[in-house]
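Inspection log for the structure reproduced underneath, given as structure tokens.
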2 protein chains.
Amino acid sequence: MTTKELIIEEALTLFSQKGYHGTSVKDIANAVGIKDSSLYKHFSSKQEIFDIIVCTMENKMEKMSLEMGLPPDNNFTSAASYYGSLTKEGLLALSRQVFLFYLKDPFVARFRKMAIIEQYNQENIYRVYHRIFLESSIFYLTALFQEMIAQHIFVAVDACILAMNFYTPIFFLLCKYDQTPDLEAQAIECLDKQIGEFYRIYRICE
Amino acid sequence: MTTKELIIEEALTLFSQKGYHGTSVKDIANAVGIKDSSLYKHFSSKQEIFDIIVCTMENKMEKMSLEMGLPPDNNFTSAASYYGSLTKEGLLALSRQVFLFYLKDPFVARFRKMAIIEQYNQENIYRVYHRIFLESSIFYLTALFQEMIAQHIFVAVDACILAMNFYTPIFFLLCKYDQTPDLEAQAIECLDKQIGEFYRIYRICE
DNA sequence: GTCTATAGTTAGATAGAC
DNA sequence: GTCTATCTAACTATAGAC
């Protein structure tokens with residue numbers, strides 16, 4: 001890893017814990033193991049470090065979200081069929097995978113925390129955070145459930161409602177168990193109950 | 001309003017927008033209309049201002065949460081009967097009232113934002129925020145729905161699941177529409193759909 | 001690309017006049 | 001209880017040696 005990448009890395013960790021203003025250039029340099037003045041050979045300002053993190057993570061998150069969890073490709077019809085073939089246990093496993101990815105993936109977890117604490121302060125991260133965690137998720141799931149309803153996998157209710165019922169407990173649990181990795185089992189138990197209920201209500205049995 | 005109260009007031013506004021480290025003592029003093037040094041006649045440090053806000057808001061929030069929205073008294077049996085008599089429109093109105101209170105009440109809205117952006121940095125506000133917005137809400141609703149199930153108002157499923165299904169969309173929408181008061185109608189529309197669905201699924205019709 | 005040295009600014013906080 | 005003046009420390013950032 002280059003020094004530049006190391007700086008990004010340590011800055012992300014510190015920003016996600018103490019926030020932008022709570023982290024000094026010296027803190028970052030210390031974490032990297034260089035003097036604060038040396039840092040300016042790689043970046044022109046502290047703000048630039050932050051902005052580059054936002055850009056980098058924006059692309060990374062977009063890519064990860066696509067690979068992970070939801071669309072294997074961007075074809076909703078095949079995705080719907082694929083998920084439709086899942087048993088209840090398969091659906092539980094899938095939701096756990098998505099939840100734990102957002103909760104524990106080192107990049108995603110730090111980025112989410114940084115975004116949460118800097119969203120009112122830094123315009124760029126507000127947009128990215130809201131797009132990824134509050135808009136795209138619902139948008140994608142709505143389209144997916146729409147297709148699954150068309151394929152008679154789920155009962156015919158407003159797909160947006162399905163998306164909300166599926167995703168909002170995940171979002172809530174992410175916020176709730178953010179700082180308590182030791183309570184992961186409890187989080188998963190609650191998640192399983194919600195997804196189980198979702199399956200019970202909306203899944204059309206063969 | 002005394003100067004001391006004014007300081008608390010302006011500090012809360014600034015902390016909720018720019019965070020603790022993003023707000024200087026001078027910023028607060030300017031907002032109040034005094035010199036920064038004068039501020040130390042009322043508080044011994046910047047941290048003390050923050051801590052007093054947390055304590056004050058903790059009590060205020062606790063009281064408001066009780067008055068508002070949910071329990072008219074702490075008797076779940078009567079509360080359950082009361083809410084059981086609500087029509088669908090009554091339930092929608094109630095959920096809207098709770099949502100808009102958390103979203104727009106000047107104290108609650110600022111406190112929630114401050115809590116969100118300082119939760120990883122200040123231990124005291126982490127506890128208060130999680131207790132009020134992530135634990136108590138679910139805990140209270142679980143007890144309430146438990147009682148409503150016993151009274152055959154709702155179908156007999158795990159009351160905790162009901163509480164999550166009722167509350168997590170509200171929580172999600174609070175996060176989503178925090179900074180966009182102009183999109184309030186859109187938020188309410190989505191909330192109504194979720195609560196309507198909740199009513200449709202779980203309410204036992206006479 | 002790292003270091004030392006330092007400029008220039010702002011931060012939180014105190015002393016003492018009124 | 002507000003002000004001016006001031007202290008000390010920390011901050012972002014730059015200059016220049018190696």
Side-chain angles (χ1 to χ4, degrees), chain A residues 1-57 110 113-114 117-125, chain B residues 1-57 110 113-115 117-126:
Chain A
M1 190 142 52
T2 68
T3 306
K4 190 161 185 168
E5 289 168 332
L6 246 176
I7 293 168
I8 293 286
E9 187 66 19
E10 297 298 337
L12 174 58
T13 299
L14 288 164
F15 288 157
S16 71
Q17 288 165 354
K18 315 202 293 169
Y20 180 80
H21 291 292
T23 303
S24 70
V25 174
K26 192 165 192 165
D27 291 335
I28 301 170
N30 283 347
V32 173
I34 57 174
K35 294 289 172 185
D36 48 350
S37 56
S38 305
L39 203 141
Y40 289 91
K41 296 286 177 184
H42 303 278
F43 301 93
S44 68
S45 69
K46 181 184 172 186
Q47 185 64 46
E48 197 196 25
I49 300 176
F50 182 86
D51 292 338
I52 285 176
I53 291 178
V54 175
C55 281
T56 309
M57 295 306 289
R110 283 181 298 169
K113 287 182 192 176
M114 186 178 94
I117 63 184
E118 292 301 331
Q119 61 178 317
Y120 304 134
N121 232 336
Q122 308 258 5
E123 204 199 339
N124 51 358
I125 209 166
Chain B
M1 189 145 47
T2 67
T3 304
K4 190 160 186 171
E5 289 168 331
L6 246 175
I7 293 169
I8 294 286
E9 186 66 19
E10 297 298 338
L12 174 58
T13 299
L14 288 165
F15 288 158
S16 71
Q17 288 165 354
K18 317 202 293 169
Y20 180 80
H21 292 291
T23 302
S24 70
V25 174
K26 192 164 192 166
D27 290 335
I28 301 169
N30 283 347
V32 173
I34 56 175
K35 294 290 172 185
D36 49 350
S37 56
S38 305
L39 203 141
Y40 289 91
K41 296 288 177 183
H42 302 277
F43 301 94
S44 67
S45 70
K46 182 185 171 187
Q47 186 63 47
E48 197 196 26
I49 300 176
F50 183 86
D51 292 339
I52 285 175
I53 290 177
V54 175
C55 281
T56 309
M57 295 306 288
R110 283 181 298 170
K113 286 182 192 176
M114 186 177 93
I117 63 184
E118 292 301 330
Q119 62 178 316
Y120 305 133
N121 232 336
Q122 309 259 4
E123 204 198 340
N124 52 357
I125 208 166
Y126 174 86

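Every value quoted in this text rests on a predicted model; they were computed, and no experiment measured them.
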Revision key, fill the gap. Rounded to the nearest 0.5 angstrom, the CD1-CD distance for I117(A) and Q119(B) is 8.5 Å

Practice item. Report the residue (Q47(A) or H42(B)) whose heavy-atom-nearest nucleotide on DNA chain D is the more 5′ of the two. Key: H42(B)

**Study point:** Residue whose nearest DNA chain D nucleotide is more 5′ - S37(A) or I34(B)
**Key:** I34(B)

For the pair made of [atom1] in [X] and [atom2] in [N], what is the distance, rounded to whole Å?
{"X": "D27(A)", "N": "dA9(D)", "atom1": "CG", "atom2": "P", "result": "18 Å"}
{"X": "K35(B)", "N": "dT6(D)", "atom1": "NZ", "atom2": "C1'", "result": "15 Å"}
{"X": "E48(B)", "N": "dT14(C)", "atom1": "CD", "atom2": "C1'", "result": "16 Å"}
{"X": "D36(A)", "N": "dA5(C)", "atom1": "CG", "atom2": "P", "result": "13 Å"}
{"X": "K26(B)", "N": "dC3(D)", "atom1": "NZ", "atom2": "P", "result": "12 Å"}
{"X": "L14(A)", "N": "dT12(D)", "atom1": "CG", "atom2": "C1'", "result": "16 Å"}
{"X": "K4(A)", "N": "dT2(C)", "atom1": "NZ", "atom2": "C1'", "result": "16 Å"}
{"X": "L39(B)", "N": "dT4(D)", "atom1": "CG", "atom2": "P", "result": "15 Å"}

Practice item. For the residue pair Y20(B) and F15(B), categorise the inter-ring angle as parallel (less than 30°), tilted (30 to 60°) or perpendicular (more than 60°). Key: tilted

Point to revise | Among dG12(C), dT2(D), dC11(D), the one nearest S24(A) by side-chain distance | key: dC11(D)

Exercise for review: Return no unless some side-chain N or O of K46(A) is found under 4.0 Å from OP1 or OP2 of dT12(D).
Suggested key: yes

Check your understanding: Phosphate oxygens OP1/OP2 of dA13(C): is one of them under 4.0 Å from a side-chain N or O of Y40(B)?
Key -> yes

Using a 4.0 Å heavy-atom cut-off across all strands, classify [X] as base, sugar-phosphate, or nothing.
{"X": "T2(A)", "answer": "nothing"}
{"X": "S38(A)", "answer": "base"}
{"X": "S45(A)", "answer": "sugar-phosphate"}

Review point. So do the side chains of K26(B) and L39(B) get within less than 4.5 Å of each other, counting heavy atoms only?
Key: no

Practice item. Evaluate the side chain to side chain contact (heavy atoms under 4.5 Å, CB included) criterion for residues E48(B) and D51(B): first the C-alpha distance (whole Å), next the side-chain angles of each, then the deciding distance (0.1 Å), finally the verdict. Key: CA-CA 5 Å; E48(B) 197 196 26; D51(B) 292 339; 5.6 Å; no

Practice item. Dump the intermediate steps for side chain to side chain contact (heavy atoms under 4.5 Å, CB included) on S24(B) and D27(B), then the final yes or no. Key: CA-CA 5 Å; S24(B) 70; D27(B) 290 335; 3.1 Å; yes

